[in-house]
Structures are given as structure tokens and as C-alpha cells.
Amino acid sequence: MDYLSYNVDISWLSNYKTPAKARYYFELSDTEDIDKILEIVTWAKENNTKILWVSWGTNMLFAFDTYDGIVIKNSLAWWTYNSDSKILVSYGSEPIWNIAELLEKNYWQALWHRFIWLPGSVAWAVYGNAWCFGLETENNFVSCEVLDLEDGSIKTLYKEDMKFSYRSSILKLEKKYFLITATFDLSKKIEKYHSEVDNIDFRENKQPKWNSCGSFFKNPNKEWSAGYLIEQVWLKWHKIGWAYFSQRHANFLMNDGTWSYRDLLDLVAHAQKLVLDKFDIKLENEVQIIY
Ligand SMILES: Cc1cc2nc3c(=O)[nH]c(=O)nc-3n(C[C@H](O)[C@H](O)[C@H](O)COP(=O)(O)OP(=O)(O)OC[C@H]3O[C@@H](n4cnc5c(N)ncnc54)[C@H](O)[C@@H]3O)c2cc1C
């Protein structure tokens, strides 16, 4: 397969920055590359090779030294906003925080204020129905253009097709679509609930910075947050090697320079065991562990 590079260092592609390589690697940087993706997908099927799609890698822990498959980095980024119709169209890899900030600066459009400093791409925001203090991606979503990886066609999925729910959508459920562009209607403010939290202050001063992928575990229910449970088993600031749970926010698993993903996995397993023993609650990952 001519398009693929071999044995490529991909450590920079996960926010945890643990050393990692990909057996095969392809970067999608031009719309003309979309045809190549189909060839790569067909080749992967014929050769029984798995594929990992990455936009900004802020939601993935690489649990391998070499990924035994193809890593496809999506770098298709560009967006446009029409201030009359208030329609926003963006390619998948565009960082959502960047759009949210520029909408305010350049267009006095503050509807996505909550998304300022939310890490990650538009593709993931749709894939995982990103959520910030009452605002969810689905609120202003109109449609997305996807490549159907099973039949090779380009399709438009509308809101009613998307099966949006808490941190999920059809893209996550069926894993057969590659998001090319997404369209949003920013003419109407729709929030699940109103919140007075200053999200910029929150991101700046209440969340830890550096190498993390945000909240590591899902909150098990409305009463118990994962961070509270981790504190209750005395794991806040607990270290295994260079991996630890942040002092600022106990559900943030951090990497302070560890050379191995194994420290991170050991700490995750340790937290799950202690919480299960003490509270009979099984903590589930929100961050994806990629094997
Ligand atoms: C500090 C911090 C704070 C956070 N706070 C919040 C928060 O408040 N609310 C919230 O909802 N989230 C939060 N998150 C999670 C964050 O929004 C996600 O990590 C981020 O959006 C993932 O985007 P990404 O581009 O890095 O995706 P990646 O990690 O690159 O990919 C994530 C998934 O999307 C799939 N994918 C990527 N591109 C495509 C595509 N084009 N088509 C189909 N599938 C694709 C990948 O295969 C993968 O399964 C936080 C994360 C961090 C690091």
C-alpha cells in the first residue's frame, strides 16, 4: 500500500505523550485524500488490519509500544460562518475551542462560549456529543457529511439520524462513519440547563494543565462523582511511577513524564479495585484505552 508510512512515532498524538509507534500511518490533509482512505480501508479489511482514527488525541491512552494496525490522523481543518444565516460549517479536525473563541472575537457570536478552551476537534465533539455546563454539541447540530466505511459512499446524516445521548452519538455507537464536515445552526440558544459557572476561569484555574485527557472515569451516577470516589479511597495525588491523580481534580489522571503507559494502567486498575471494594461501584473509563 503506497500511501502508508511504516513504523512511525506517534507519541505526540495522545495527550499522555507516552512513547508509541504505529506499524502503518497515514495523514489525511487534503480533501483529495478522502478517496485514498477508501483504498486504505479496503486494504485493511483484506489484510485483517485494524484502523485507529485520530483527530487531536485528547481522549486516548495508547496502551501499546507499537500499534499493530493503521493510524489515520485527520488533519482536515477549515471552517466558515455566515453571520446572516448563522450557519457554521466545519471540517472534522478543526479544534472546537478555536472556533468558539473566534466566533466571539470576529463575529460577536457567543452561543458557543461554553466551548472556549474545551480541548479536541469538531469530529469528536459530534462523536462524543461534547458537553460543557449545560451546552451540548447536539443542541445546535444540523447535519454532518460522513464517509460510510462499509459501502464507500458519502452520506448526509441529519440530527434525527444521530442518536445523540450523554457523551455519545451514532458515530460512536456504530463506528462505521468517518466525519468529514459538520453543520450547526447558531441562530438559537438551546441549553439543557442554565449555569453561572465561568467556564474560562474554570478551565484556567480549576482544571489541571499538562498531560491528561480530562476526566478519566465516567461519573457513575448523579450523586457520586468519580473524582469524589477517588478522593474517598485516598488516591488524590497518589503516584505510581510518574502517573498520578491530580490534586486539583481527582478524576484527572496525569502523566508527569512517565516513559511507560503501564504506570497509567496500573494506577487505573488500582483505583477501580479500591472503589469497587469500598463502594461496590465499578468505575468505567471515559477516556479510551487503545490496545
Ligand atoms: C483538559 C480536558 C478537559 C475536558 N473537558 C471536557 C468537558 O468539559 N466536556 C466534554 O464533553 N469533554 C471534555 N473533555 C474531553 C474532550 O472533549 C475530548 O477529549 C476531545 O473532544 C476529543 O477530541 P479529539 O479531537 O482529541 O479526539 P481524538 O482523541 O482524536 O478521538 C476521539 C475519538 O473520536 C474518533 N474520531 C476522531 N476523528 C473522527 C472522525 N473524523 N470521524 C469519526 N470518528 C472520529 C476517534 O477514533 C476516537 O475514537 C476534556 C478533555 C481534556 C483533555
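For the single chain, residues carry numbers from 1 onward in sequence order. All ligand and atom numbering here is 1-based and tracks the order in the structure.
Within the 4.0 Å heavy-atom cutoff, N74 counts among the residues contacting ligand 1. Residue contacts with ligand 1 leave out A125, since none of its heavy atoms falls under 4.0 Å from the ligand. The shell of residues lying under 4.0 angstrom from ligand 1, judged by heavy atoms, excludes K175.
Contact of the W117 side chain with the N199 side chain is not registered, since no non-hydrogen atoms from C-beta on lie closer than 4.5 Å. Counting only heavy atoms from C-beta outward, the side chains of M162 and V126 approach each other to under 4.5 Å. In this structure, the side chains of F62 and L13 come closer than 4.5 Å at one or more pairs of heavy atoms.
Proximity of L118 to ligand 1, defined as any heavy-atom pair under 4.0 Å, is confined to the side chain (atoms from C-beta onward). Of the heavy atoms in F252, only side-chain atoms (C-beta onward) come closer than 4.0 Å to ligand 1. Under 4.0 angstrom from ligand 1, the non-hydrogen atoms of F178 come from both its backbone and its side chain. Only the side chain of Q288 comes within contact range of ligand 1, with a heavy atom under 4.0 Å; no backbone atom does.
Considering backbone and side-chain atoms alike, W124 places every N or O at 3.5 Å or more from each N or O of ligand 1. Polar contact check, Y127 against ligand 1: a nitrogen or oxygen pair lies under 3.5 Å apart. Considering both main-chain and side-chain atoms, Q207 never comes within under 3.5 Å of ligand 1 through any nitrogen or oxygen pair.
The stretch residues 28-47 participates, sequence neighbours left out, in these ring-ring contact (aromatic ring centres under 6.0 Å, His included) pairs: Y24-W43.
Between K86 and D185 there is no salt bridge, since no side-chain N of the basic residue sits under 4.0 Å from a carboxylate O of the acidic one. With salt bridges taken as basic N to acidic carboxylate O contacts below 4.0 Å, one links E231 and K236. Checked for salt-bridge contact, K21 and D65 miss the test: no charged N lies under 4.0 Å from a carboxylate O. For the pair R262 and D266, the salt-bridge criterion is not met [side-chain N within less than 4.0 Å of a carboxylate O].
Within ligand 1, counting atoms from 1 as listed, the ones closer than 4.0 Å to a heavy atom of A123 are 38 (N), 39 (C), 40 (C), 41 (N). When each atom of ligand 1 is checked for a heavy atom of A130 under 4.0 Å away, the hits are 11 (O). Atoms of ligand 1 found under 4.0 Å from any heavy atom of S212 (numbered from 1 in listed order, with element): 53 (C).
One option in A182, G120, C144, P119 has a heavy atom closer to atom 52 (C) of ligand 1 than any other, and that option is P119. In this structure, of N15, L179, V54, T58, the residue bringing a heavy atom nearest to atom 18 (C) of ligand 1 is T58. Here the shortest heavy-atom distance to atom 43 (C) of ligand 1, taken over Y16, Y177, W53, Y91, belongs to Y177.
Distance check, rounded to the nearest 0.5 Å: CG of N74 to CD of E94 gives 11.0 Å.
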